[in-house]
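Below you'll find the structure, written out as structure tokens, and then a few comments.
Lettering follows sequence order; numbering is per chain, from 1. Only this structure's heavy atoms are used, side chains among them; waters, hydrogens and symmetry mates stay out.
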Amino acid sequence: MPGQSVGAVKSQRAHFDQPLHLRSGGILPAYDLVYETYGTLNAAKSNAILVCHALSGHHHVAGHYADQPDNIGWWDNIIGPGRPLDTDKFFIVGLNNLGGCHGSTGPSSANPATGKPWGADFPMVAVIDWVHAQARLADQLGIDSWAAVMGGSLGGMQALRWSITYPERVRNAIVIAAAPKLSAQNIAFNDVARQAILTDPDFHGGHYYEHNTRPLRGLRLARMLGHITYLSDDQMGEKFGRELRNSAFSFGFGVEFEVESYLRYQGDKFAGYFDANTYLLMTKALDYFDPSREDNGDLKATMARSKANFLIASFTTDWRFTPARSKEIVAALLANGRNVSYAEISLNFGHDSFLMDDAHYHGVVDAYLRNIKL
Amino acid sequence: MTHTLGRPDFDVIAAWVEPGHRVLDLGCGDGTLLKYLIDSRGVRGVGVEIDDANVLAAIKNGINIIQGNLECGLDEFADQAFDHVVLSRTLQTVRHTEGILREMLRVGREAVVSFPNFAYWKNLRSVLDGRMPVSEDLPYQWYNSPNVRFFTLLDFEDLCTKMGLIIRERSILDEAGNPVECTESRDVNFLGSLAVYRLTRNR
């Protein structure tokens with residue numbers, strides 16, 4: 001991996017006391033966003049890149065904390081001096097979205113009306129709400145227009161939404177492993193995940209904080225299911241095949257196959273730190289995402305509102321958001337004569353490919369960003 | 001005669017496009033032709049390319065590049081979105097010959113096609129000598145050639161007739177890239193190493 005890490009970083013907190021009117025009709029009277037920045041904002045404030053996180057991401061995108069050297073940001077491999085998001089050139093901003101469970105206002109925060117955690121009463125948030133909240137953070141940082149807004153998966157959807165809702169504030173949108181809206185199959189997987197949480201006896205209608213418990217079983221199952229959709233069949237085959245933990249069948253329901261062991265481990269790890277209400281909110285934000293709904297499903301008409309230049313990238317083995325879904329976005333941009341480049345990257349890691357450190361993939365992002373004029 | 005970027009067909013193509021035109025270059029490589037047309041003729045351009053290294057090089061060149069396989073059609077492009085759709089030295093590498101020509105004239109007002117002419121006299125002589133031709137315009141050995149279709153200028157014109165495509169202009173070049181100065185098709189077929197055509201469809 002060429003380039004270096006950004007090194008030790010600190011997270012910051014921004015408070016907003018202007019009420020935020022949400023797509024669902026709900027109102028957040030006030031809220032906090034935690035965020036991190038890497039690099040230096042130039043005098044013209046023209047070198048800022050917003051990195052949006054996906055379903056389970058957060059504001060700790062790159063670097064590590066001085067007192068936690070092993071706590072490395074989730075997209076560290078692409079950010080730093082000499083890396084594609086070069087902190088010698090760009091000022092990078094990452095934040096935890098509303099409804100999150102990593103410090104920004106979310107279901108586990110105190111509801112000012114009751115003093116108790118919001119729980120299930122936290123209003124439903126949509127991608128457009130996140131984008132409005134991110135725009136207010138940009139205002140606070142003095143950033144009128146982003147050099148680029150970038151993200152993978154649900155993060156890519158935020159970049160797309162930015163280009164439609166704030167066309168004057170986005171000069172480039174980098175949309176990776178995303179889709180213009182979810183398919184029935186995508187929604188189906190999300191609903192099974194939600195059902196796992198909602199039917200957990202420890203869920204308590206979303207007010208489990210008051211019962212000093214958490215729906216760990218449901219959240220674990222939700223993550224196990226989600227995790228399968230992030231990987232490719234080939235990759236699972238290569239990594240686990242039909243390998244057994246012990247050499248012979250045990251004819252029971254314990255952990256036998258390596259893939260079971262892996263998934264259970266991933267499920268347990270995730271359930272240990274993530275909040276179930278946040279998981280529910282994030283999957284609903286995914287399901288509701290469909291900017292073309294404002295134009296009766298005509299994505300071309302929707303993208304006519306954008307003014308940014310676009311880099312769209314997909315991965316050949318991603319069956320969650322296939323290359324064909326990215327090409328729907330590409331077609332809508334081409335039909336509007338927008339500047340757009342599209343790379344279909346051969347990587348074996350399924351949907352998770354967008355997080356991988358691959359020379360060609362990072363080369364494409366690097367080449368695109370190097371041509372951006374500040 | 002010196003040629004733009006060492007590619008005589010680029011000069012012919014550049015002369016056929018006008019400032020402000022929308023150009024789609026299929027199999028655009030690293031985007032050299034598009035960059036030249038954008039810089040020198042002020043066109044608006046998009047390229048399609050399958051190869052990873054070329055896609056990366058085109059992005060470096062600041063070209064709008066769409067990674068894709070021409071054999072799968074041009075679904076992401078709307079009808080009549082371009083003034084010119086260019087396929088330079090690529091038709092002989094495409095299996096679905098009729099399909100790609102139809103797609104070109106669906107998405108564009110005009111198709112510009114260049115290809116090596118297998119009936120060029122040096123190629124014929126090479127075959128008569130018992131060897132597959134290797135030349136400036138056919139620079140591959142038989143075992144590493146990307147070419148899958150072997151046809152001549154006359155063959156191509158027959159296909160155009162069969163498909164109802166109108167040849168608006170043709171420019172036939174010898175191996176040095178100089179125009180072949182005769183008009184009789186049989187002679188041109190014999191003397192031309194590289195053919196460049198400008199096609200439209202009856203509307």
Side-chain angles (χ1 to χ4, degrees), chain A residues 84 148 171-177 180 298-301 303-304 308-316 318 322-348 353 358-373, chain B residues 19-32 34-35 37-39 42-86 103-104 106-109:
Chain A
R171 280 169 281 143
N172 294 273
I174 303 179
V175 179
I176 303 172
D298 181 357
L299 187 63
K300 179 186 168 188
M303 295 320 297
N309 302 323
F310 287 81
L311 174 64
I312 313 286
S314 70
F315 299 94
T316 47
D318 184 352
T322 62
R325 307 306 313 282
S326 283
K327 282 177 117 171
E328 292 172 32
I329 304 170
V330 171
L333 292 167
L334 286 168
N336 283 294
R338 292 290 172 276
N339 286 318
V340 53
S341 282
Y342 168 67
E344 196 166 301
I345 293 157
S346 298
L347 261 178
N348 202 20
S353 295
D358 173 74
H360 174 65
Y361 164 38
H362 281 190
V364 163
V365 176
D366 186 84
Y368 184 85
L369 284 173
R370 277 188 203 287
N371 279 336
I372 287 184
K373 291 187 180 59
Chain B
H21 273 180
R22 297 157 301 164
V23 178
L24 176 65
D25 187 2
L26 303 177
C28 68
D30 64 3
T32 300
L34 275 175
K35 193 169 166 58
L37 294 178
I38 290 164
D39 293 346
V43 306
R44 292 190 290 141
V46 181
V48 176
E49 175 59 46
I50 191 168
D51 177 72
D52 283 349
N54 279 333
V55 169
L56 179 58
I59 292 174
K60 282 184 183 162
N61 271 329
I63 298 297
N64 289 319
I65 179 98
I66 308 299
Q67 189 159 21
N69 183 351
L70 299 180
E71 302 281 15
C72 301
L74 302 171
D75 284 349
E76 59 269 49
F77 298 98
D79 294 356
Q80 298 297 295
F82 296 92
D83 297 297
H84 302 273
V85 182
V86 177
E103 275 288 82
M104 289 174 79
R106 176 183 67 79
V107 305
R109 191 162 55 78

> Could you state the interatomic distance from CG (L311(A)) to CD1 (I65(B)), rounded to the nearest 0.5 Å?
Replying inline: 12.0 Å
>> Can you tell me which of H360(A), R338(A), E328(A), K327(A) forms the most heavy-atom pairs within a distance under 4.5 Å of chain B?
In response: H360(A)
>> Distance check, rounded to the nearest 0.5 Å: K60(B) atom NZ versus D366(A) atom CG?
In response: 7.5 Å
>> Distance check, rounded to the nearest 0.5 Å: E344(A) atom CD versus I50(B) atom CD1?
In response: 9.0 Å
> How far apart are the closest heavy atoms of F77(B) and L334(A), and which atoms are they?
Replying inline: CE2-CD1, 3.4 Å
>> Quick check on N371(A) against chain B: is it the side chain, the backbone, both or neither that has a heavy atom closer than 4.5 Å?
In response: side chain
> If you measure from OG on S326(A) to CD on Q67(B), what distance do you get to the nearest 0.5 Å?
Replying inline: 12.0 Å
> Do other residues, nucleotides or ligands put more than 12 heavy atoms under 6.0 Å from the CZ atom of R44(B)?
Replying inline: no
>> Please find the pair of heavy atoms, one from L56(B) and one from A367(A), that lie closest to each other, and give the distance.
In response: CD1-CB, 3.9 Å
>> As an exercise, state the distance from CD1 of I66(B) to CD1 of I312(A), rounded to the nearest 0.5 Å.
In response: 8.5 Å
>> With a 4.5 angstrom heavy-atom cut-off, is it the side chain or the backbone of V330(A) that approaches chain B, or both, or neither?
In response: side chain
